[in-house]
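Scroll down for the structure; my scribbles are underneath it.
A note on names: the letters A, B, ... follow the listed sequences, proteins ahead of strands, and every chain is numbered from 1.
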Protein chains: 2
Amino acid sequence: MKIGELAQLAQCTVETVRYYERENLLPAPARTQGNFRLYGPLHVERLRFIRNCRALDMSHDEIRNLLALADRTAEGCGAVNAVFDQHIAHVDERIRELAQLKEQLSALRQRCAGEHAVAACGILQGLAAMETEARHERHTHLG
Amino acid sequence: MKIGELAQLAQCTVETVRYYERENLLPAPARTQGNFRLYGPLHVERLRFIRNCRALDMSHDEIRNLLALADRTAEGCGAVNAVFDQHIAHVDERIRELAQLKEQLSALRQRCAGEHAVAACGILQGLAAMETEARHERHTHLG
DNA sequence: GCACAATCTGAAGCTACTATAGAGTCAAGC
DNA sequence: GCTTGACTCTATAGTAGCTTCAGATTGTGC
């Protein structure tokens with residue numbers, strides 16, 4: 001099949017498919033005489049795998065890692081579990097961060113109930129007065 | 001004061017300060033004879049405001065919006081509240097997304113308890129078998 | 001033979017910075 | 001007066017994961 005059909009089967013765009021090839025997530029396929037990419041069922045499987053990982057917000061590095069581990073059929077899946085556990089930890093941490101953020105935002109929001117002049121707006125005052133703190137390092141690739 | 005001092009007062013790097021100037025978040029300051037940027041207390045206040053907004057994960061667009069609203073002192077703060085509420089909605093949605101993600105990940109994780117061959121790994125099988133779904137539109141700028 | 005869809009490559013754009021190179025400025029010490 | 005070192009300047013490229021675009025080719029239906 002050609003790239004358009006593959007993309008449709010994996011629910012992504014053809015640009016994304018070509019991008020994954022450049023990124024070495026998808027192997028370069030055979031070409032037709034006219035230089036069109038020609039894919040088979042294995043490509044569909046692999047691309048679906050990648051898209052599913054992305055739907056779980058894994059990074060390309062994590063996915064490349066998983067794919068390499070899956071290809072080394074001789075070995076056990078302990079390493080797979082490790083990658084997975086680490087990713088779950090990423091998600092967990094981001095959830096915690098956002099929950100804390102939401103508390104701060106809600107607290108600020110309560111400082112302005114009505115419609116007064118901006119000079120008196122509790123939100124703006126709060127934003128100006130907050131204790132500026134250094135940006136902490138990210139322990140997750142999740143935004 | 002010069003850029004280094006300003007950056008320290010706002011807990012960010014000098015590169016970030018110059019970047020904000022290019023992005024029209026911070027107004028271009030006066031310069032010394034030697035072409036060094038020269039800042040006053042108003043710049044400190046504004047930069048702190050920006051950094052606090054960023055600590056709350058607001059986008060530059062949201063911040064530009066808030067700054068413009070704060071500058072129009074004649075008007076009320078209804079619009080400020082609107083920007084703020086929308087941002088809280090962003091955070092809320094992202095938390096919901098991640099919570100759902102975590103459920104999926106946990107379910108997958110339970111499919112592989114021990115250390116077997118990768119061919120039998122429930123996680124990898126699950127990743128291959130998941131129903132590929134189209135990436136839904138983002139309603140939040142939060143990653 | 002011609003229109004039109006699909007494909008090709010390469011490059012630029014997005015967000016919010018960070019990092020680097022190479023040049024210039026300034027204050028202190030000898 | 002001269003050097004050293006800290007600071008600053010501009011301009012450019014890199015990050016992640018794509019998306020968008022321009023301009024050229026290929027393939028298909030009539």
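Following rounding to the nearest Å, B:M1 (CE) and D:dC7 (C1') show an atom-to-atom distance of 16 Å. Here C:dC17 presents its C1' atom at 12 Å from CG of B:L25, a figure rounded to the nearest Å. Summarising the geometry, the separation between CG on B:N24 and P on C:dC17 is reported as 15 Å, rounded to the nearest angstrom. A straight line from CD of A:E21 to C1' of C:dT9 spans 12 Å, rounded to a whole angstrom. Atoms CD (B:E15) and C1' (D:dT8) sit 11 Å apart, rounded to a whole Å. C:dT15 atom P lies 15 Å from atom CG of B:D57, rounded to whole Å. A straight line from CD1 of B:I3 to C1' of D:dC7 spans 11 Å, rounded to a whole angstrom. Whole-Å rounding puts the A:E5 CD to D:dG27 C1' distance at 15 Å.
Distances shown here put every side-chain N or O of A:T13 at or beyond 4.0 Å from the OP1 or OP2 atom of D:dC18. Taking 4.0 angstrom as the limit, A:R18 places a side-chain polar atom (N or O) nearer than this to OP1 or OP2 of C:dC8.
Checked against the 6.0 Å centroid threshold, A:H141 and A:H87 count as a close aromatic pair.
No hydrogens or angles considered: a donor-acceptor pair under 3.5 Å links the side chains of B:Y20 and B:R51.
Residue contacts for A:R37: at a heavy-atom cut-off of 4.0 Å it reaches the sugar-phosphate backbone alone, with no base atom in range.
At a threshold of 4.5 Å between non-hydrogen side-chain atoms, the residues A:C12 and A:V17 count as touching. When side chains are defined from C-beta on, B:L25 counts as touching B:R64, because their heavy atoms get closer than 4.5 Å. In this structure, the side chains of B:C112 and B:I123 come closer than 4.5 Å at one or more pairs of heavy atoms. For the pair A:V44 and A:M1, the minimum side-chain heavy-atom distance is below 4.5 Å. Put simply, the side chain of B:F84 reaches to within 4.5 Å of the side chain of B:M58, judged on heavy atoms.
Side-chain atoms of B:E93 do not come within 3.5 Å of backbone N or O of B:H90 as any donor-acceptor pair. Judged by distance alone, the side chain of B:R94 and the main-chain N or O of B:E97 form no donor-acceptor pair under 3.5 Å. A donor-acceptor pair under 3.5 Å is absent between the side-chain atoms of B:E5 and the main chain of B:K2, judged by distance alone.
The pair A:D57-B:K102 does not meet the salt-bridge criterion, since no charged nitrogen lies less than 4.0 angstrom from a carboxylate oxygen.
Note on the helix from C:dG1-D:dC30 to C:dC30-D:dG1: angle between the axes of the first and last five pairs equals 30°, rounded to 10 degrees.
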What does the list of N/O pairs under 3.5 Å between the protein and nucleotides 15-17 of chain D look like, with a distance for each?
from	atom 1	to	atom 2	distance (Å)
D:dG17	OP1	A:H60	N	3.4
D:dG17	OP2	A:H60	N	3.3
D:dG17	N7	A:Y19	OH	3.4

message: Base contacts versus sugar-phosphate-only contacts with protein, heavy atoms under 4.0 Å: please encode nucleotides 21-28 of chain C as B, S and - from 5' to 3'.
response: ---BSS--
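In this structure, B:V14 and B:R22 both approach DNA chain D, and ranking their closest nucleotides by distance from the 5' end singles out B:V14.
Using a 4.5 Å cut-off between side-chain heavy atoms of Ile, Leu, Val, Met, Phe, Trp and Tyr, with links allowed through other members, A:L67 and B:L105 fall into the same hydrophobic cluster.
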